[in-house]
Amino acid sequence: MAEATLTIIVPCYKEEAVLEKTNYILVELINQLIFTKKINFNSRILYVDDGSTDRTWRMIQQFSAEYQCVTGLKLSRNFGHQGALLSGLQVASEKSDCLVTIDADLQDDPAAIIAFVEAFNQGYEVVYGVRKKRVTDTFFKKNTALFFYEIMNWLGVELVPNHADFRLLSRQAAMQLLNFKERTMFIRGIVPLLGFSSTKVYYDRKKREAGESKYPLQKMIGFSIEGLTSFSIAPIKFILSLGMISLVVALIITIYSISRKVMGDTVSGWTSMMISLWILGGLQLISISIIGLYIGKIFMEVKHRPRFIIEQENFSASFDSIIETN
Ligand code: UDP
Ligand code: MG
């Protein structure tokens with residue numbers, strides 16, 4: 001069997017601090033894989049500049065001029081991690097047999113890609129990179145992540161625990177992923193829905209090499225809510241039963257306060273009135289806001305806006321030159 005064409009997609013948002021090192025390691029890795037005949041030399045690294053305002057795009061262009069296997073794609077503005085990944089997959093799928101996505105900070109061990117490719121060569125269409133332990137993450141990040149998996153699981157969303165966006169997809173799997181047209185895409189929730197034969201590769205997650213996390217608390221909460229509301233209507237059901245219970249409680253309170261009033265005890269009636277007023281008011285507010293989340297989602301989805309806009313890329317052209325020179 002001929003060796004596969006691999007594309008490593010690297011989303012980059014203001015990553016000038018790590019990119020030099022990342023590129024060095026990834027080019028080495030590609031060369032090693034080619035040398036050991038695991039992939040062929042049409043294999044590429046595709047950096048996706050997600051609207052960085054620092055030197056990231058210039059660095060990508062520079063690497064691309066220097067190494068034949070390095071290509072770049074520039075989004076017209078910041079579309080977020082998921083948008084950057086999708087744009088890379090879209091541009092590279094057709095020309096690749098398999099595609100790996102990895103973060104630019106190399107917190108995920110690039111050496112695991114060797115095992116990814118071996119699994120692909122054995123016939124797996126999806127390979128999940130799974131962290132062994134989250135020792136290097138801060139206490140806060142580790143626990144918020146764990147809490148998130150717990151909640152998602154409890155709501156019946158299938159997620160691979162301790163797997164982020166470090167994975168290999170076959171061309172077929174990537175094409176099918178791109179067929180999911182929702183605008184706000186939570187990729188790691190969709191991939192298990194694709195089906196296909198899959199396996200896991202375990203690795204140690206390291207500290208960020210340099211630069212800082214682009215996922216502060218605020219973005220993490222946003223990301224989690226995104227994941228939740230894209231996949232599950234369980235919160236709505238939960239609120240519904242909460243509402244029913246509160247109706248029963250309200251009924252009891254009504255009977256109670258009426259009987260107190262009949263006995264001439266109006267002061268305590270005021271208390272129960274206040275309590276039920278507040279409980280119901282709170283419940284209504286929560287319910288409305290949750291429904292609002294879903295309506296907001298519908299609003300976003302029906303517009304069918306593009307999930308990313310590519311300003312320029314030289315991935316495709318890097319193949320043309322090969323044909324010409326041959
Ligand atoms: N990233 C991106 N667009 C964004 C934010 C992040 O392309 O708007 C990229 C970033 O450059 C990195 C990856 O997504 O390659 C993961 O981001 P980060 O390492 O900051 O997140 P963390 O690992 O802390 O969750
Ligand atoms: Mg990171």
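Residue numbers run from 1 in the order of the sequence given. Atoms within each ligand, like the ligands themselves, are counted from 1 in listed order.
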### Task
Using a strict 4.0 Å threshold on nitrogen-to-oxygen distance, state whether K74 and E311 make a salt bridge.
yes
### Task
Indicate the atoms forming the closest heavy-atom contact of F120 with S170, along with that distance.
CE1-CB, 3.7 Å
### Query
Do Y47 and N23 have a side chain donor and acceptor closer than 3.5 Å?
yes
### Query
Which heavy atom of the protein is the closest neighbour of atom 25 (O) of ligand 1, given with residue, atom name and distance?
K141 NZ, 3.0 Å
#### Entry: Under-4.0 Å salt bridge between D97 and R171
yes
### Task
Looking only at protein heavy atoms, identify the closest one to atom 4 (C) of ligand 1 and say how far it is in Å.
D50 OD2, 3.4 Å
### Pair E313, S316: side-chain N/O donor-acceptor within cut-off below 3.5 Å
yes
### Summary
Looking at K14, R205, E15, the heavy atom closest to atom 10 (C) of ligand 1 belongs to E15
### Task
Report the nearest protein non-hydrogen atom to atom 9 (C) of ligand 1: residue, atom name, distance rounded to 0.1 Å.
P11 O, 3.9 Å
### Query
Is the F148 ring parallel, tilted or perpendicular to the F186 ring (thresholds 30°, 60°)?
perpendicular
### Task
Specify which N/O/S atom of D105 comes nearest to the Mg ion (ligand 2), by atom name.
OD2
### Query
Does a salt bridge link R188 with D165, judged by any charged N lying under 4.0 Å from a carboxylate O?
yes
### Query
How does Q82 reach ligand 1, if at all, at less than 4.0 Å between non-hydrogen atoms: by side chain, backbone, both, or neither?
neither
### Query
Among protein heavy atoms, which sits nearest to atom 23 (O) of ligand 1, and what does the distance come to when rounded to 0.1 Å?
Q107 OE1, 2.9 Å
### Sidechain-backbone polar pair: S43 side chain, T7 backbone, donor-acceptor under 3.5 Å
no
### Task
Indicate yes or no: at least one non-hydrogen side-chain atom of I113 is less than 4.5 angstrom from one of F166.
yes
### Query
Any idea which atoms of ligand 1 are less than 4.0 Å away from a heavy-atom of C12?
7 (O), 11 (O)
### Task
Looking only at distances, please establish whether an N/O atom of ligand 1 is found under 3.5 Å from an N/O atom of A84.
no
### Closest protein heavy atom to atom 20 (O) of ligand 1, given as residue, atom name and distance to 0.1 Å
K214 N, 2.5 Å
### Query
So which heavy atom in the protein is nearest atom 24 (O) of ligand 1, and how far is it from that ligand atom?
S213 OG, 2.6 Å
### Message
Could you identify the single nearest non-hydrogen protein atom to atom 18 (P) of ligand 1 and state the distance to 0.1 Å?
### Response
R208 NH2, 3.5 Å
### Task
Mind checking whether H81 contacts ligand 1 via backbone (N, CA, C, O), side chain (CB onward), both or neither, at a 4.0 Å heavy-atom cut-off?
both
### Task
Under 4.0 Å, heavy atoms only, figure out whether ligand 1 is touched by the backbone of D103, its side chain, both or neither.
both
### Query
In ligand 1, which numbered atoms sit nearer than 4.0 Å to a non-hydrogen atom of N78?
3 (N), 4 (C), 8 (O)
### Message
On the six-membered ring of Y203, is R205 placed so that its NZ or CZ lies under 6.0 angstrom from the centre and within 45° of the ring axis?
### Response
no
### Query
Does the side chain of T56 pick up a donor-acceptor pair with the side chain of D49 at under 3.5 Å?
no
#### Entry: Closest candidate by heavy atom, reference atom 1 (N) of ligand 1, pool F166, Y13, F79
Y13
## Note on the structure
closest protein heavy atom to atom 19 (O) of ligand 1 is D105 OD2, 2.6 Å
